[in-house]
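Numbering of residues begins at 1 and proceeds along the displayed sequence. Quick caveat: nothing in here was measured; it's all calculated off a predicted structure. Every number for a ligand or one of its atoms is a count from 1 in the order of the listing.
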Amino acid sequence: MNSPLRHPIAPELLARFAKIVGDKYAVTDQAALEPQLIEGRGLYHGRTPMMLRPGNVNEVAAILKLATETGTPLVPQGGNTGLVGGQIPHDGEIIVSTTRLDKIREVDATSNTMTVESGVVLAKIQEAAAAADRLFPLSLGAEGSCTIGGNLSTNAGGTSAVAYGITRDLVIGLEVALPDGRIWNGLSKLKKDNTGYDLKNLFVGAEGTLGIITAATLKLFPRPRAVETAFAGIPSPRAALGLLNLARERAGGSVTSFELISRGVLDMALRHAHGVRDPLANVHPWYVLMELSSQSREGLRATLEDVLSSAAERSFVTDATIAASLDQAKAFWHLRFMLTESQKPEGGSIKHDISVPVAAVADFIADATKVCEAMVPGCRVVPFGHLGDGNIHFNVSQPIGADTAGFLAGWGAMNAEVDKVVMKYHGSFSAEHGIGKLKRETLKKVKDPVALEMMRAFKRTLDPKNILNPGKML
Ligand code: FAD
Ligand code: MLT
Ligand code: ZN
């Protein structure tokens with residue numbers, strides 16, 4: 001039986017919230033709500049009496065105002081693809097879904113900006129940019145369902161951050177509804193605007209704890225005229241670092257993705273994902289998926305071939321294939337993006353989303369692997385991730401045939417030991433997925449106390465009643 005809710009909300013109050021959006025958009029049917037209560041990794045199953053689906057910024061602001069007046073807790077939710085439980089109402093909070101805030105307000109190809117509402121799905125933004133012959137470079141496995149509001153709120157990284165930066169680097173202005181019901185119109189196309197604190201950066205990465213982002217002005221880039229994609233078999237993470245250096249030396253800023261994949265996790269995708277095949281004839285212990293992009297139509301393939309052959313001479317690469325068509329490049333990326341889902345059928349998986357200085361990645365992987373294998377003999381260490389950013393998803397699958405619950409009971413202990421290795425290399429225990437509920441206790445332990453106090457002060461100032469995403473991050 002469920003324990004009593006920490007935040008029971010009286011029916012009369014629920015009716016007042018429903019009135020703001022209209023009954024049609026105040027969902028209370030528990031079967032309809034169920035998908036919004038489950039987090040993708042199955043770590044959390046939340047509870048809520050209601051999900052509100054506001055259709056414009058004024059409705060969002062009215063919901064927040066009423067919530068502050070009545071002390072009612074809210075959880076903002078976009079595409080529900082977050083990986084740290086930040087979007088889940090853990091204890092009866094009302095969900096505020098942004099999925100009806102789905103308009104692309106403007107694409108300005110001359111200023112290279114695009115203004116969108118926060119519930120627009122990332123893939124739609126990429127498509128709209130392409131339709132204007134521009135690029136919005138943020139790309140990640142969940143792009144078909146995550147929203148830009150979620151990307152901004154988690155400051156998502158993804159596979160093109162190595163060249164274009166993380167979401168924080170891709171936003172110029174924001175519109176945000178504040179907990180007291182005021183609307184901050186910070187939408188701006190200005191690259192240069194030195195008029196005080198950079199407030200937008202307070203909301204980027206705030207995981208819905210300071211305000212609800214309702215719209216954003218994003219940066220656009222020229223659409224590359226040539227893109228070349230290679231899948232390379234390599235002997236070790238250290239060799240991958242050699243390849244990365246070489247690629248940067250020869251291709252400079254053209255290196256737009258550089259992803260490391262262990263054979264273990266590739267095998268899982270080959271076993272469980274649909275429509276995938278091993279790009280190389282032989283088995284290699286590690287792989288790099290590398291993409292080069294250029295504004296020039298000519299010469300990029302020759303550059304990539306030169307990088308790969310020089311890398312082979314130096315034993316950084318054992319074998320490699322360059323996509324012969326757009327479809328083949330898409331197949332490489334499909335395989336890469338299926339790595340997350342493909343770990344699930346293999347039983348319990350303990351996750352670490354870490355970053356270390358790029359130069360330390362190989363040593364980190366070696367040390368952390370030893371630590372995990374000593375803790376759980378037979379566990380399967382299957383790292384992959386954004387090597388170009390020093391960000392590795394250092395995931396550990398249970399030993400074959402082991403008891404899943406027993407293995408997962410060691411999640412915290414394994415995280416603690418891996419985090420010690422992360423600290424040894426001056427890294428971060430949360431590179432791109434955020435804090436949410438999953439990493440809140442770790443944040444308290446490892447974050448600089450002065451930084452934590454400033455974060456709490458911002459929270460108190462903007463949300464004195466603690467109505468926005470209580471129990472998350474702080
Ligand atoms: P949600 O999951 O709905 O919410 C995430 C957080 O943001 C919550 O705290 C929520 O309260 C808050 N929030 C959502 N919308 C708003 C808003 N408008 N205003 C204020 N707060 C809001 N992440 C990476 O960084 N890089 C990756 O490569 C990557 N790959 C992924 C691949 C897969 C297959 C999956 C499932 C996830 C991946 N992620 C990755 C996780 C990533 O955080 C999310 O995919 C995405 O950024 C979240 O967007 P969302 O709309 O689903 O947000
Ligand atoms: C990825 O890079 O694929 C994601 O961040 C998701 C994951 O860590 O599984
Ligand atoms: Zn990632």
Side-chain angles (χ1 to χ4, degrees), residues 36 38-41 44 54 57 60 64 74-90 93 95-99 101 116-122 138-161 166-168 174-179 203-216 257 259-261 265 268-269 289 333 335-344 349 351-355 382-387 389 391-395 430-438 468-473:
Q36 307 329 122
I38 302 169
E39 168 272 349
R41 285 177 174 167
Y44 302 110
V57 60
V60 177
L64 285 160
L74 307 174
V75 175
Q77 192 180 88
N80 188 18
T81 69
L83 295 173
V84 289
Q87 71 282 15
I88 300 297
H90 293 277
E93 303 90 337
I95 298 175
V96 182
S97 166
T98 59
T99 48
L101 304 175
V116 300
E117 294 185 350
S118 60
V120 182
V121 168
L122 175 56
L138 183 66
S139 179
L140 44 109
E143 63 198 22
S145 48
C146 65
T147 63
I148 191 67
N151 303 145
L152 287 158
S153 299
T154 58
N155 188 23
T159 56
S160 62
I166 51 183
T167 308
R168 192 185 293 289
L174 288 183
E175 177 187 88
V176 183
L178 300 177
F203 297 95
V204 176
E207 300 183 36
T209 60
L210 297 179
I212 297 187
I213 298 172
T214 51
S257 290
E259 299 282 303
L260 180 72
I261 302 171
V265 77
M268 291 177 179
L289 173 56
W333 279 110
L335 184 57
R336 162 64 183 87
F337 284 152
M338 289 315 292
L339 301 180
T340 302
E341 277 302 302
S342 302
Q343 292 160 79
K344 287 185 193 163
S349 168
K351 316 281 186 183
H352 308 88
D353 163 38
I354 68 92
S355 62
V382 288
F384 66 99
H386 320 289
L387 178 63
D389 308 318
N391 172 196
I392 299 298
H393 302 303
F394 188 81
N395 295 347
S430 178
E432 61 169 7
H433 297 159
I435 301 297
K437 186 170 168 71
L438 187 63
L468 261 182
N469 236 349
K472 311 289 170 53
M473 188 187 288

Do any N/O atoms on [X] end up under 3.5 angstrom from N/O atoms on ligand 1?
| X | answer |
| --- | --- |
| Ala156 | no |
| Ser145 | no |
| Gly82 | yes |
| Phe337 | no |
| Gly79 | yes |
| Asn155 | no |
| Gln77 | no |
| Thr154 | yes |
| Gly158 | yes |
| Ser153 | yes |

Subset of ligand 1 atoms that lie under 4.0 Å from at least one heavy atom of [X]:
| X | result |
| --- | --- |
| His386 | 28 (O) |
| Gly211 | 20 (C) |
| Thr98 | 18 (N) |
| Asn469 | 9 (O), 11 (O) |
| Leu83 | 37 (C), 38 (C), 39 (N), 41 (C) |
| Gly208 | 20 (C), 21 (N) |
| Asn151 | 46 (C), 47 (O), 49 (O) |
| Ile212 | 19 (N), 20 (C) |

Main-chain N/O of [Y] paired with [X] side-chain donor or acceptor, under 3.5 Å:
| X | Y | result |
| --- | --- | --- |
| His352 | Phe394 | yes |
| Thr147 | Gly150 | yes |
| Arg168 | Gly205 | no |
| Gln87 | Gln77 | no |
| Asp353 | Glu432 | yes |
| Thr159 | Ser257 | no |
| Asn80 | Glu39 | no |
| Glu341 | Met338 | no |
| Thr167 | Ala156 | yes |
| Asn469 | Gly86 | yes |

Any salt bridge linking Glu207 with Lys472? Criterion: basic side-chain nitrogen under 4.0 Å from a carboxylate oxygen. no
Below a 4.0 angstrom heavy-atom separation, can you tell me which part of [X], side chain or backbone, both or neither, approaches ligand 1?
| X | answer |
| --- | --- |
| Ser118 | side chain |
| Glu341 | neither |
| His433 | side chain |
| Ile213 | both |

Among Val120, Thr209, Leu140, which residue places a heavy atom closest to atom 31 (C) of ligand 1?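 Heavy atom nearest to atom 31 (C) of ligand 1 belongs to Leu140.
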Options His433, Glu259, Arg336, ranked by nearest heavy atom to atom 2 (O) of ligand 2, top entry: Arg336
Is the distance from the Zn ion (ligand 3) to the nearest N/O/S atom of Asp353 under 2.8 Å? no
contact_flag [X] ligand 2 heavy-atom lt 4.0 Å:
| X | answer |
| --- | --- |
| Phe384 | yes |
| Glu341 | no |
| Lys351 | no |

How far is atom 6 (C) of ligand 2 from the closest protein heavy atom, and which atom is that?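 Of every protein heavy atom, Thr340 OG1, 3.3 Å lies nearest to atom 6 (C) of ligand 2.
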What distance separates Leu101 CG from Glu175 CD, expressed to the nearest 0.5 Å?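 The distance works out to 9.0 Å.
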Is the shortest N/O to N/O distance between Gln343 and ligand 2 below 3.5 Å? no
Could you tell me whether ligand 1 has any atom less than 4.0 Å away from a heavy atom of Gly157?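 The answer is yes, since Gly157 has a heavy atom less than 4.0 Å from ligand 1.
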Contact with ligand 1 for Gly434, non-hydrogen, under 4.0 angstrom: no
At the Zn ion (ligand 3): angle between His393 atom NE2 and Glu432 atom OE2, to 10 degrees: 90°
